[in-house]
Amino acid sequence: QVQLVESGGGLVQTGGSLRLSCAVSGRSLSSYVVGWFRQAPGKERKEREFVAAISWSAYSTYYQDSLKGRFTINRDTNQHTVTLQMNDLRPEDTSVYYCAAAPAWISASGHSQLDEYDYWGQGTQVTVSS
């Protein structure tokens with residue numbers, strides 16, 4: 001069992017920055033990858049979009065290509081948190097952002113598929129105003 005709690009969402013103007021945090025707890029965290037997904041307004045759960053992921057033990061990172069350069073994922077094993085630094089935010093980044101945990105075996109998709117993830121947080125709202 002893994003528990004995840006997101007924080008750090010809010011309202012920001014275009015071009016601004018936000019840092020999301022995911023507090024992770026549970027057993028054998030080194031066996032997991034933690035990812036961030038987002039669900040835009042009006043979209044269904046199955047349409048959640050992969051943002052980035054990081055392996056707990058090996059510190060490998062994975063990104064959606066279009067977000068690489070603006071978004072940075074990191075993890076602090078001492079604090080048991082995974083952060084998502086988001087810069088140069090745009091209105092199209094408006095979404096509910098979720099962190100999730102998946103088994104850290106080899107993934108052909110780079111851990112970008114929704115159904116790889118077994119555990120989910122409750123989400124945090126990010127709104128970017130124009």
Side-chain angles (χ1 to χ4, degrees):
Q1 280 277 355
V2 178
Q3 295 80 40
L4 307 111
V5 179
E6 304 94 336
S7 62
L11 174 65
V12 65
Q13 292 185 334
T14 296
S17 297
L18 276 177
R19 186 177 187 180
L20 305 183
S21 184
C22 176
V24 186
S25 61
R27 293 183 175 181
S28 304
L29 293 180
S30 61
S31 302
Y32 288 92
V33 166
V34 176
W36 285 95
F37 286 77
R38 64 186 185 182
Q39 184 171 343
K43 298 289 189 180
E44 298 182 3
R45 185 186 185 280
K46 63 182 180 181
E47 297 174 286
R48 286 181 185 175
E49 179 185 35
F50 173 72
V51 175
I54 189 166
S55 65
W56 198 260
S57 59
Y59 199 51
S60 299
T61 56
Y62 311 85
Y63 290 92
Q64 185 195 122
D65 286 342
S66 65
L67 299 177
K68 201 171 185 178
R70 292 197 298 127
F71 289 16
T72 303
I73 192 169
N74 212 332
R75 62 111 171 80
D76 184 329
T77 54
N78 291 327
Q79 297 295 322
H80 285 196
T81 57
V82 173
T83 58
L84 183 69
Q85 178 67 40
M86 306 186 295
N87 298 327
D88 188 24
L89 284 163
R90 305 164 184 172
E92 54 265 36
D93 294 318
T94 294
S95 288
V96 178
Y97 284 72
Y98 297 88
C99 63
W105 50 56
I106 295 173
S107 169
S109 75
H111 300 289
S112 65
Q113 296 301 302
L114 200 69
D115 57 9
E116 293 184 30
Y117 290 80
D118 298 323
Y119 303 101
W120 291 82
Q122 83 287 352
T124 186
Q125 176 71 48
V126 171
T127 303
V128 185
S129 64
S130 57

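Excluded from the calculations below are hydrogen atoms, water molecules and symmetry mates; all remaining heavy atoms, backbone and side chain alike, are included.
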Restricting to non-hydrogen atoms, name the atom on [X] and the atom on [Y] that form the minimum distance, rounded to 0.1 Å.
| X | Y | result |
| --- | --- | --- |
| Tyr63 | Ile73 | OH-N, 2.9 Å |
| Tyr32 | Arg27 | CE1-O, 3.9 Å |
| His80 | Thr77 | CD2-O, 2.7 Å |
| Pro91 | Thr14 | CD-OG1, 3.4 Å |
| Arg70 | Leu89 | NH1-CA, 3.9 Å |
| Tyr62 | Ser60 | OH-CB, 3.7 Å |

Legend entry - Counterpart residues, side chain to side chain contact (heavy atoms under 4.5 Å, CB included), relative to Lys43 (two or more places apart):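 By the side chain to side chain contact (heavy atoms under 4.5 Å, CB included) rule, Lys43 matches Gln39, Ala40, Glu47.
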Inset, instruction - Evaluate the ring planes of Phe37 and Trp120, with Trp represented by its six-membered ring, and classify them as parallel (under 30°), tilted (30 to 60°) or perpendicular (over 60°). - result: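 Tilted.
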Legend entry - Aromatic plane relationship, Phe71 with Tyr97 - under 30° parallel, 30 to 60° tilted, over 60° perpendicular: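 Plane angle between 30° and 60°, so tilted.
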Inset, instruction - With sequence neighbours excluded, give me every disulfide (SG to SG under 2.5 Å) pair touching residues 20-99. - result: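 Found Cys22-Cys99.
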Inset, instruction - For the residue pair Gln3 and Ser25, confirm or rule out a side-chain donor-acceptor distance under 3.5 Å. - result: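 Checked: Gln3/Ser25 side chains pair up, N/O donor to acceptor below 3.5 Å.
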Inset, instruction - Would you kindly say whether Ser66 and Gln64 are connected by a side-chain donor-acceptor distance under 3.5 Å? - result: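 Side-chain D/A pair, Ser66 to Gln64: present.
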Legend entry - Reference residue Leu84; test side chain to side chain contact (heavy atoms under 4.5 Å, CB included); the match among Thr72, Asn74, Leu18, Leu20: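 Going through Thr72, Asn74, Leu18, Leu20 one by one, the side chain to side chain contact (heavy atoms under 4.5 Å, CB included) with Leu84 is satisfied by Leu20 alone.
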Inset, instruction - Evaluate the criterion side chain to side chain contact (heavy atoms under 4.5 Å, CB included) for residue pair Trp36 and Val82; output intermediate values, then yes/no. - result: CA-CA 9 Å; Trp36 285 95; Val82 173; 3.7 Å; yes
Legend entry - Whether Thr94 side chain and Thr127 backbone form a donor-acceptor pair below 3.5 Å: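 Checking the backbone N and O of Thr127 against the side chain of Thr94, no donor-acceptor pair under 3.5 Å is found.
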Which pairs would a plain distance check flag for residues 100-110, meaning a side-chain donor or acceptor within less than 3.5 Å of a matching protein atom at least two apart in sequence or in another chain?
from: Ser107; atom 1: OG; to: Ser109; atom 2: N; distance (Å): 3.3
from: Ser107; atom 1: OG; to: Ser109; atom 2: OG; distance (Å): 3.0
from: Ser107; atom 1: OG; to: Gly110; atom 2: N; distance (Å): 3.4
from: Ser107; atom 1: OG; to: His111; atom 2: N; distance (Å): 2.9
from: Ser107; atom 1: OG; to: Glu116; atom 2: OE1; distance (Å): 3.1
from: Ser107; atom 1: OG; to: Glu116; atom 2: OE2; distance (Å): 2.9
from: Ser109; atom 1: OG; to: His111; atom 2: N; distance (Å): 3.3
from: Ser109; atom 1: OG; to: Ser112; atom 2: N; distance (Å): 3.2
from: Ser109; atom 1: OG; to: Glu116; atom 2: OE2; distance (Å): 2.5

